[in-house]
Structures are given as structure tokens and as C-alpha cells.
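A, B, ... follow the sequence lines: proteins, then strands. Residue 1 opens every chain.
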Number of protein chains: 2
Amino acid sequence: MRISELSEASGVPVATLKYYLREGLLPPGESLGATRADYSEDHLRRVRLVRALVDAGVSVAEARRVTEALDDPPRSRHDLLGRAQYALPAPHAATPVSDEVTGLLADLGWVVGPDSPALHSLSGAIAAARSAGVPLPTDALTGYARASEAVAAVDVSNVPTDDLASALHRVVAGTVLVDPVLAALRRLAQEHVSSRG
Amino acid sequence: MRISELSEASGVPVATLKYYLREGLLPPGESLGATRADYSEDHLRRVRLVRALVDAGVSVAEARRVTEALDDPPRSRHDLLGRAQYALPAPHAATPVSDEVTGLLADLGWVVGPDSPALHSLSGAIAAARSAGVPLPTDALTGYARASEAVAAVDVSNVPTDDLASALHRVVAGTVLVDPVLAALRRLAQEHVSSRG
DNA sequence: GCACTGTGGATAGTGTCGCTCCCCATGCGG
DNA sequence: CCGCATGGGGAGCGACACTATCCACAGTGC
């Protein structure tokens, strides 16, 4: 399809698609000469992913990192999560990993890589919440962690097993784009739980 | 304390504090004449909250709505969650509430207000994820919802019961600032669960 | 009394970001 | 051969969160 059709199909203006091409968020179409290129369904999927990421608050620079990671699929299932971890935008600015966090993981019995970016994000997010007057005691953190295990169990059970490239896509897109779903569910659950209590 | 001391204590430049004062994010200090005002510990807490919100990606306009809500505390415990819901920044742009969402809540047995902003956010967040190729089947959504109940149970058990104003502060600050904590925990839990499976 | 520093108040400027507009040369379709 | 969409690229725009500068003046130290 031509760029105008890609624009129509995705709802993204042509000028913005050109911008994404320049920024490397969208791979070039197959060139059919100097003034014509062909875009595939893959391009359409990519555009939709980029829009969803950007609308979810991911910066263009981070979205480029994410899409670059998707273009270089993992060799094995073992690579999958590690590669996804490093490709994902951090949920909070990184800080040094606190002793509290390492102790929490030990208590939970969680086995994670010692350099996982999420460890730094978690330390920073906890510190930020505390600095704003949210005490976040240990038992609250462990409660959140247990609930996160249930979330993660749903996550991994929905990862396709046949194709590593689509598995990586699912993990990365799912992690980023389901976060707001969980946030909305949490607010609704608060309302439900508090009206019941 | 004077504005320079407030700046030093919070780590926020004086020029930025003046900006927050202009924008209504920070109430004026008690005036001690034309060129002097006194700022209290409440102001310091407010500055730290505003910084945490802004650092978490909340816009200044939304942060003003949040802080205005905090300045007008609820009359009763019954008001608390409702007021917090409307004061909180939405986790995703609002869309019309989908039939799927109303059906999901019915299946879950959740009782929530029919105009809760989180319903609109949830519908929009689900649609955004789907458009990016995350299928999000019903059983996944119910799984996420059950886990969100556990999160919400921790949330409400940590709300102070003595003072309605501080309860509202805790709910609002906790909801926004714990979201990134949960996101980081989710990533770590994914790594743990997938390495175990 | 007097210089000096810090303050409240206000306006204008800065840097970043995500587009968006415009221009050009080209080459396919009619 | 003409019109027009395309690929390519530079420059501009609007929003946003500050940040810099200026001003008049009130305390403070001397």
C-alpha cells in the first residue's frame, strides 16, 4: 500500500508518518523507485503500536528503543524476558537499588537478574511515594507484590508459544499498554472494596 | 519559614516555587507584610506532593485539580472515594463506556458508580491495547480484575481512619504514586514467574 | 540614617517535544 | 506531456514546565 493508504488505514496523518520514518520508528517501505514505496500489513501494525505507545505517554525516543528491540527478535525463549526488560520504558526514573528492595525480593522468594532495570525503577518509585507522604510499609509492599504475581501469571499465560518474534511483541506491548488497564481496574476495585467494607 | 528556606528544604528552586504559587499549585504563605510571608510544614508537604506528581508525569493543570480537591476535604467517609475518583488524573484518555466493560463489572459483582471516571479510562485503555495487537481476552481481564481487588484491599487497609483530610491525601497520593511501584513489581514478577515456569 | 539583601509580584524568555507545514525533484498514470 | 502523489528534508509551531530578569520595597546589620 502507499503512504496515503497507510495514513488512511491507521488514522495517522501522512506528515506524521514521514516524521516517524525520519525518526526510525517506522521502517522504510519497500522502494519501488525514487518516488514510490510499498508498505505492508507489518507497517500498519507498527504504526498502530507506535501510536498506542505515544498515546500512553512513552516518548518518541523510548518508542524507538522499543521498536528497535522488536526488530531484533530473541534467539530463544530464555532471551525473551531479559530482552523485553531492557527494551521496556522504565515506569520510574532509576535510582540505586535500595537494601529494602533486595530484602523484599528475598522475603518473597523472587529470583530475578541482579541488574534488572525494574529493580532501579522500583527503588525510585518507592522513594518518590514516601517523599510525598505515602508511608508504604513492608506489609503493604508484600501485599502489592503478591497481587503482582497474579498479574504476571496472567501475563505469561497469554504469551504466544509458537513464534518468538510475536511473543516479544506481545510481552512488550502488553506490559506497557496493560499498565493503564490495571490502573483503571485498581481505581474501580478501590471503589468496590470500600463500598463493601 | 521563608521562601528560600522552603526552597532549600524541598530542593525546588525559588523561581519554580513562585511559578507554583502563580499556578495555584501552592497556597500563598501567611503574609507578614508586603515583602515577607511565612510558609509552614503544610507548604513543605504540598511542595513535595506536587513534585512527586509532576515527576510521575502528571501535568501541572492536573496537579492543580488534585491539590484543589485536597484543600476541600470530604464531609464524610462516604464522600472520600467519590471525591478522590474525580480528583485523580485519569490513567488513560476517556472514551464512551463499552458494553464489554459494563458486562465485566457485572460478572465480577463489582458495585461502582455509573459515572465513575475510571470506567471511561478502562474502556479507552482496553481499546488502545487491542488496537496495538494485545488481544486481552475476557479471562485475562477477569484475572487482572481479581488481582486488582487484592491491590485495592491493601490500599483501603492503609487509609488512616482518624482524619478525613489526611485520608483523602493518602488515597489521592497513594493511588497516583503507587501506580509506578505496581508497574515495577509487575515487571519483576514477570521475570520471576517466567523463570519458574 | 543607610547600604544591602531577600521578598512578592510580574513579564518575558528558554529548551524540549511531538508534530505540522512547506518546498523541491522525481516519476508514474492518464 | 501534464498533473499530481510521493520521498525526502528543513524549518516553523504550539504546548509545556520551567527559568531569568526586573522592579519596588521592607527588614537587617552597621
Side-chain angles (χ1 to χ4, degrees), chain A residues 1-40 43-44 46-67 89-90 93 128 132 176, chain B residues 1-40 43-44 46-67 89-90 93 128 132 176:
Chain A
M1 84 187 77
R2 285 172 292 187
I3 198 171
S4 59
E5 296 171 292
L6 184 62
S7 165
E8 209 170 330
S10 64
V12 177
V14 172
T16 304
L17 293 177
K18 288 183 170 187
Y19 167 65
Y20 289 165
L21 285 166
R22 271 196 305 260
E23 295 296 318
L25 293 181
L26 186 63
E30 188 192 352
S31 179
L32 304 176
T35 68
R36 197 137 303 201
D38 188 60
Y39 299 90
S40 66
H43 288 93
L44 181 54
R46 170 63 56 88
V47 171
R48 290 208 243 255
L49 172 64
V50 168
R51 286 311 293 213
L53 290 175
V54 170
D55 288 349
V58 176
S59 73
V60 164
E62 276 176 330
R64 180 171 43 234
R65 284 187 49 247
V66 171
T67 55
V176 176
Chain B
M1 79 187 83
R2 283 171 291 187
I3 197 170
S4 59
E5 295 172 293
L6 184 61
S7 166
E8 207 170 331
S10 64
V12 177
V14 172
T16 304
L17 293 177
K18 286 184 171 188
Y19 167 65
Y20 289 165
L21 285 166
R22 275 197 305 272
E23 295 296 317
L25 293 179
L26 186 62
E30 188 193 354
S31 179
L32 304 176
T35 68
R36 196 137 303 201
D38 188 59
Y39 299 91
S40 66
H43 287 92
L44 180 54
R46 170 62 57 88
V47 171
R48 290 208 243 255
L49 172 64
V50 168
R51 287 310 294 211
L53 290 175
V54 170
D55 287 349
V58 176
S59 73
V60 164
E62 277 176 329
R64 178 171 45 234
R65 285 187 48 247
V66 171
T67 55
V176 175

From NE2 of A:His43 across to C1' of D:dT6 the rounded distance in Å is 15 Å

Please examine the side chains of B:Thr16 and B:Arg51, heavy atoms only from C-beta on, and report whether any two atoms are closer than 4.5 Å. yes

| task | Have a look at A:Val14 and say if it touches a base, only the backbone sugar-phosphate, or nothing, with a 4.0 Å heavy-atom cut-off. | result | nothing

Q) Can you find a heavy atom in the side chain of A:Leu17 that is under 4.5 Å from one in the side chain of A:Tyr39? A) no

Here the distance between atom C1' of D:dC18 and atom CZ of B:Arg51, to the nearest Å, is 9 Å

| query | Going through the checks in order, is the side-chain contact (heavy atoms from CB on, under 4.5 Å) test met by A:Arg46 and A:Leu6? | reply | CA-CA 11 Å; A:Arg46 170 63 56 88; A:Leu6 184 62; over 6 Å; no

- Evaluate the side-chain proximity of A:Ile3 to A:Leu21: yes if any heavy-atom separation is below 4.5 Å, no if none is. yes

Are any of A:Tyr39's side-chain N or O atoms less than 4.0 Å away from OP1 or OP2 of D:dG7? yes

Taking for A:Leu32 and for A:Tyr20 the nucleotide of DNA chain C with the nearest heavy atom, the one nearer the 5' end belongs to A:Tyr20

Of the candidates C:dT20, D:dC18, C:dC28, the side chain of A:Arg36 sits closest to C:dC28

When rounded to whole Å, the CG to P distance for the pair A:Asp55 and C:dC17 reads 18 Å

Item checked: Phosphate OP1/OP2 of D:dC16 contacted by B:Ser59 side-chain N/O (<4.0 Å) -> no

Taken to the nearest whole Å, CD1/A:Ile3 to C1'/D:dG7 is 8 Å

Here the distance between atom P of C:dG9 and atom CD of B:Glu23, to the nearest Å, is 15 Å

Looking only at D:dG7, D:dC18, D:dT19, the nucleotide nearest the B:Ala15 side chain is D:dT19

- Query: With a 4.5 Å heavy-atom cut-off, do A:Val50 and A:Leu26 have their side chains touching?
  - Reply: no

Between CD of A:Glu5 and C1' of D:dG7 the distance, given in whole Å, is 16 Å

So what does A:Ala61 hit on the nucleic acid, given a heavy-atom distance under 4.0 Å: a base, only sugar-phosphate, or nothing? nothing

Taken to the nearest 0.5 Å, the spacing of B:Glu5 CD from B:Asp38 CG works out to 9.0 Å

| query | Counting only side-chain N and O atoms of A:Thr16, is one of them less than 4.0 Å from OP1 or OP2 of C:dG18? | reply | no

Among the nucleotides D:dA26, C:dC19, D:dA20, whichever has the atom closest to the side chain of B:Ala34 is D:dA26

Among the nucleotides D:dA26, D:dG7, C:dT26, whichever has the atom closest to the side chain of A:Lys18 is D:dG7

Picking from D:dG7, C:dG18, C:dG27, the nucleotide nearest the side-chain atoms of A:Thr35 would be C:dG27

Side-chain contact check for A:Ser4: nearest option of C:dG6, D:dA17, D:dT6 is D:dT6

Any N/O donor-acceptor pair, A:Arg22 side-chain to C:dT20 base, under 3.5 Å: yes

When rounded to whole Å, the CE to C1' distance for the pair A:Met1 and D:dT6 reads 16 Å

In whole angstroms, the gap separating P of C:dC21 from CG of A:Leu17 amounts to 14 Å

